[in-house]
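The structure under discussion appears below in the form of structure tokens.
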Amino acid sequence: MASASSFALLPSKFGGVSEIPRSNFFEFRPNLTSSHHPRFRQSKTLRVSASVSAPNLELRTGPDDLVSSILSKVTESDRGVLLKKEEHMNVAEVAQELQKYCVNEPVKCPLIFGDWDVVYCSVPTSPGGGYRSALGRIFFKTKEMIQGIESPDIVKNLVTFSFFGFLEGEVSLKGKLIALDEEWVQVIFEPPELKVGALEFRYGGESEVKLRITYVDDKIRLGKGSKGSLFVFQRRNTSV
């Protein structure tokens with residue numbers, strides 16, 4: 001159960017993160033464990049004729065409205081699994097608008113640090129890999145999908161789940177964050193650790209993911225994986 005492009009930061013082999021080899025989670029490999037977890041330019045003017053109804057059009061006036069809009073679209077969507085193609089397109093549209101308000105050199109922005117819930121991925125099976133596939137979701141119910149970024153360069157991914165609704169488990173991953181330029185980061189992860197009931201073991205090898213930070217503020221962070229997957233992270237314990 002991990003991330004996709006490392007900010008998508010879970011190893012693809014957590015069940016197959018499409019952005020990452022094996023089990024990487026910046027596009028969520030078990031994409032980071034929260035450090036506080038017990039474990040561990042102009043606004044668009046839409047001109048519509050008075051005789052025309054356009055219920056799907058939104059008048060957005062700034063980043064705060066866009067943040068609220070994108071969160072409303074992904075909430076209760078099982079991190080994107082339940083959304084239809086058109087709804088994914090709407091999320092991508094708002095993310096594109098938000099990108100215009102991103103700070104310069106987001107990689108250097110201290111707002112990237114903290115604990116984040118993975119609330120959306122445009123490729124739903126990316127965060128968590130096989131655990132999040134259609135078959136995997138029959139057996140594994142995802143409870144939390146968290147990514148923690150600690151200064152100066154530590155990334156921790158954590159996915160907690162229940163197996164058949166009664167056996168608790170988690171997959172965690174720790175990695176080192178490397179800034180590639182002002183927007184792109186790379187995370188090199190250690191082998192993931194799986195815990196199910198009393199069992200605890202590591203499997204697989206190292207993995208890495210790359211992610212472009214396209215927006216960050218005190219509430220959300222957006223990331224684009226190297227293959228185009230869009231991730232929406234919401235800061236934990238923050239209400240919008």
Side-chain angles (χ1 to χ4, degrees), residues 1-40 79 112-118 121 123-133 135-137 139-163 167-180 184-213 223 225-227 229 231 233 236:
M1 306 203 133
S3 106
S5 194
S6 193
F7 268 160
L9 285 177
L10 262 202
S12 65
K13 274 207 168 176
F14 265 63
V17 176
S18 63
E19 294 287 61
I20 308 168
R22 292 194 88 135
S23 48
N24 283 334
F25 179 85
F26 222 20
E27 284 177 316
F28 217 39
R29 268 189 139 197
N31 217 240
L32 292 180
T33 291
S34 161
S35 57
H36 299 305
H37 189 278
R39 287 274 315 164
F40 346 53
R79 300 170 180 85
I112 68 172
F113 298 114
D115 300 326
W116 304 85
D117 284 313
V118 181
C121 181
V123 180
T125 56
S126 214
Y131 297 95
R132 297 282 291 166
S133 66
L135 180 61
R137 293 197 305 275
F139 303 100
F140 300 93
K141 180 179 180 180
T142 303
K143 299 175 67 177
E144 292 182 306
M145 192 174 286
I146 305 168
Q147 183 174 88
I149 307 178
E150 303 173 9
S151 179
D153 59 5
I154 300 300
V155 174
K156 296 178 181 178
N157 291 336
L158 175 70
V159 176
T160 63
F161 60 87
S162 61
F163 183 61
L167 187 60
E168 301 298 307
E170 66 177 48
V171 181
S172 61
L173 197 65
K174 182 178 180 179
K176 181 178 178 62
L177 184 151
I178 302 170
L180 300 178
W184 283 90
V185 296
Q186 177 184 43
V187 180
I188 300 176
F189 287 99
E190 300 173 358
E193 182 177 10
L194 174 64
K195 296 181 180 180
V196 180
L199 298 178
E200 180 177 341
F201 58 91
R202 290 184 180 276
Y203 65 93
E206 290 188 346
S207 58
E208 65 179 58
V209 296
K210 294 181 180 179
L211 185 82
R212 178 190 175 199
I213 303 174
S226 57
K227 293 184 179 180
S229 295
F231 288 83
F233 301 86
R236 288 174 68 79

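Within the model, atoms CG of Leu173 and CD of Glu190 stand 8.0 Å from one another, a figure rounded to the nearest 0.5 Å. Distance CD/Glu208 to CZ/Phe189: 10.5 Å, rounded to 0.5 Å. Atoms CD1 and CD1, from Ile154 and Ile149 in turn, are 11.5 Å apart once rounded to the nearest 0.5 Å. Rounding to the nearest 0.5 angstrom, the gap separating the CD1 atom in Ile213 from the CZ atom in Phe233 is 9.0 Å.
Of all the heavy atoms in Gln186 and Lys210, the pair that sits closest is NE2-CE, 3.7 Å. Nearest heavy-atom pair across Gly204 and Pro191 is O-CB, 3.7 Å. Here the closest heavy-atom approach between residue Gly205 and residue Pro192 is recorded as O-CD, 4.1 Å. In plain terms, the two heavy atoms of Leu158 and Ser172 that are nearest each other are CD1-CB, 4.0 Å. The heavy-atom pair separating Arg236 from Glu144 by the smallest distance is NH2-OE2, 3.4 Å. Residues Glu150 and Phe113 come closest through the heavy atom pair C-CD2, 3.7 Å.
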Point to revise | side-chain contact (heavy atoms from CB on, under 4.5 Å) between Val196 and Phe161, intermediate numbers included | key: CA-CA 9 Å; Val196 180; Phe161 60 87; 4.0 Å; yes
Under the criterion side-chain contact (heavy atoms from CB on, under 4.5 Å), I'd like the reasoning laid out for Ser162 against Lys141: C-alpha separation, chi angles, the key distance, then a yes or no.
CA-CA 5 Å; Ser162 61; Lys141 180 179 180 180; 3.5 Å; yes
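Between Lys174 and Glu193 there is no salt bridge, since no side-chain N of the basic residue sits under 4.0 Å from a carboxylate O of the acidic one.
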